[in-house]
Amino acid sequence: MIDVRLLRSEPDAVKAAMARRAKPAILEELDHAQRLDARLRDITVERDSNRAQINSISKDVATARRAKDDAGAEKLMQHSRELGESEKVLASEFDQVSSALRDVLLLVPNIPHAQVSAGNNAEDNKVVKGPLQMPAKFADYQRVPHWETGSALGILDNERATKISGSMFTMQRGLGATMARALCQLALDRNADAFEEVRPPSLVLTSTLTATGQLPKFADDAFSIERDDLWCIPTAEVPLTSLHAGEILKAEELPLRYMAHTSCFRREAGSAGRDTRGMLRTHEFDKVEILAVTTPQQAPEMLVELTNRVEATIAALGLPYRVLEICAGDLGQSHHRSFDVEVYAPGCDQWLEVSSVSWFSDYQARRADIRFKQSGAKGSEIAHTLNASALAVPRVWAAILENCRQADGSVAIPEVLQPYMRGAKVISTSSRAKP
RNA sequence: GGAGAGGUGCCAGAGCGGCCGAAUGGGGCGCCCUGCUAAGGCGUUGUCCGGGUAAACCGGACCGUGGGUUCAAAUCCCACCCUCUCCGCCA
């Protein structure tokens with residue numbers, strides 16, 4: 001959520017920055033929010049002074065009662081009753097306007113960082129690094145989509161996954177399943193030097209999913225368990241961000257760094273029928289997320305650190321990759337600035353987004369009410385949050401199957417993964433799981 | 001799932017419907033005393049919103065959450081949430 005006070009004090013600057021998102025509807029929302037805010041302040045002033053009168057009369061009533069002046073007390077009470085009536089009106093007006101304002105603000109996206117490049121959509125995102133580790137030429141045996149290699153080797157069994165759970169679910173088997181787990185272990189180990197490992201709940205409250213920005217706008221993208229009013233997390237970002245919701249942290253404790261390996265659940269409502277083969281788009285997948293809570297000053301440096309960490313893991317796997325900066329028009333709802341790391345998959349001839357490294361400024365923290373306090377200082381400030389996929393399993397798994405496919409149809413396991421795979425160096429038909 | 005107890009400030013813990021934003025103790029911070037330490041003395045110690053150019057200051061809100069009663073609610077009533085104990089069930 002953006003700061004209403006900023007909209008109040010510098011509306012033109014806010015609107016100019018927001019216009020870069022290239023979505024005119026946002027500017028209308030901002031106008032609407034401004035009008036509601038002005039109205040809300042008028043009501044607040046009136047309501048508070050009305051209440052002040054009631055409070056003061058109540059004290060006078062007590063004084064009169066003590067002085068045995070019942071007639072005087074009765075008169076004061078009568079007056080206060082009248083004020084009470086107008087308070088009821090003011091209070092309901094206040095509730096109405098403030099919840100209307102909140103509803104609008106929840107839909108308003110974050111303000112893009114000044115350095116975010118201009119652009120209207122994904123086409124305008126610029127490659128800021130790479131491609132790296134890209135061979136001059138791919139062999140024909142690398143030009144095989146992972147779903148073909150996966151089923152030939154018996155490590156991807158989507159037919160049965162679909163039988164069990166319906167479309168867009170996948171299942172890895174044998175060394176395929178082992179490799180999925182190995183990737184997570186690798187990502188955790190590579191970040192354990194600075195990030196505390198957390199195993200958070202996978203089901204969360206509506207308020208938790210609202211804090212990170214998925215609700216109310218993107219309700220269709222999340223699985224919900226209506227009977228219990230719970231939601232399946234689309235990413236560990238959701239519970240990790242809310243870890244400190246409603247808390248006031250000490251400035252000297254920051255930055256806080258957390259990582260978590262969880263399943264992620266996505267309805268992919270807008271993408272039905274897209275990327276249906278293989279593992280590129282699925283309802284459930286595993287991911288290791290890294291997340292930081294920082295002061296505003298620490299955030300830019302953290303953004304660089306997270307990007308470096310994500311990149312280093314992909315580099316260690318030996319995969320071809322590049323880094324893109326997301327332009328203003330393609331920036332996610334909650335994002336202040338972000339970079340995508342993409343891996344090239346020769347079999348399906350696509351650059352696959354394997355991580356989005358994002359800085360949310362105070363947008364999520366304001367929703368989640370995460371603050372920090374400088375020791376000795378009065379008051380508190382809203383914290384900043386940042387996060388990244390340290391490693392999202394399916395697409396990296398797919399990219400390995402395609403990049404590391406050998407002439408004989410087997411897949412060479414990247415060296416950094418081998419220690420997590422009981423020493424296996426290659427996945428071949430001879431290591432095939434029984435049907 | 002059943003029965004009972006409870007949720008108050010950084011912590012512990014008190015709180016007849018008005019004099020309670022809240023006693024008291026501990027902790028933290030500041031000062032004093034002391035050669036150092038210990039002990040002691042005095043003071044101070046929440047968050048949010050609005051007004052004010054601003055420090056001062058003024059008004060409002062907050063005692064699990066949401067409603068209600070009342071001139072007035074931490075205190076009374078209702079619902080919900082959470083925690084603890086016991087029973088049941090169980091990976």
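Each chain gets a letter, A, B and so on, in the order its sequence line appears, and its residues count up from 1.
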Over all strands shown, is A:Val45 touching base, sugar-phosphate only, or nothing at heavy-atom distances under 4.0 angstrom? sugar-phosphate
Determine which nucleotide pairs with B:G59, using a 3.5 Å limit on both distances of a Watson-Crick or G-U wobble pair. B:C49
So what does A:Arg65 touch, heavy atoms closer than 4.0 Å: a base, only the sugar-phosphate, or nothing? base
Report the residues that fulfil ring pair (Phe, Tyr, Trp, His ring centres under 6.0 Å) with A:His32, sequence neighbours left out, ordered by chain and then residue number. none
If a pair satisfies salt bridge (Lys or Arg N to Asp or Glu O under 4.0 Å) and one of its residues is in residues 324-339 of chain A, list it, with sequence neighbours excluded. A:Glu325-A:Arg337
Taking for A:Asp48 and for A:Glu381 the nucleotide of RNA chain B with the nearest heavy atom, the one nearer the 5' end belongs to A:Glu381
Among residues at least two apart in sequence or on other chains, which ones pass side-chain contact (heavy atoms from CB on, under 4.5 Å) with A:Ala19? A:Leu27
For a quick check of understanding: with a heavy-atom distance under 4.0 Å over all strands, which category does A:Asp60 fall into, base, sugar-phosphate or nothing? nothing
Give A:Gly379 one of three labels, base, sugar-phosphate or nothing, depending on what nucleic acid heavy atoms sit under 4.0 Å from its own. sugar-phosphate
Pairwise C1' distance for B:A14 and B:G26, with rounding to whole Å: 15 Å
Counting only N and O atoms by type, is there a donor-acceptor contact under 3.5 Å from the side chain of A:Gln172 to the main-chain atoms of A:Ala180? no
Watson-Crick/G-U partner (both atom distances under 3.5 Å) of B:G40: B:C32
Map A:Met77 and A:Asp95 onto RNA chain B by nearest heavy atom, then report which one ends up closer to the 5' terminus. A:Asp95
Give me the distance, rounded to whole Å, that separates B:G67 from B:C63 when you measure between the P atoms they each carry. 12 Å
Boundaries of the chain A footprint along RNA chain B (any atom under 4.0 Å from a heavy atom): B:G18 to B:A72
Considering only the P atoms, how many Å lie between B:G9 and B:C62, rounded to the nearest integer? 15 Å
Mind listing the side-chain donor-acceptor pairs of residues 234-243 of chain A below 3.5 Å, one per line with the distance, residues two or more places apart or on another chain?
residue: A:Thr235; atom: OG1; partner: A:Glu237; partner atom: N; Å: 2.9
residue: A:Thr235; atom: OG1; partner: A:Lys287; partner atom: NZ; Å: 2.9
residue: A:Glu237; atom: OE1; partner: A:Asn387; partner atom: ND2; Å: 3.3
residue: A:Glu237; atom: OE2; partner: A:Gln364; partner atom: NE2; Å: 2.9
residue: A:Thr241; atom: OG1; partner: A:Glu237; partner atom: O; Å: 2.6

Listed once per pair and sorted, the salt bridge (Lys or Arg N to Asp or Glu O under 4.0 Å) pairs that draw on residues 210-232 of chain A, sequence neighbours left out: none
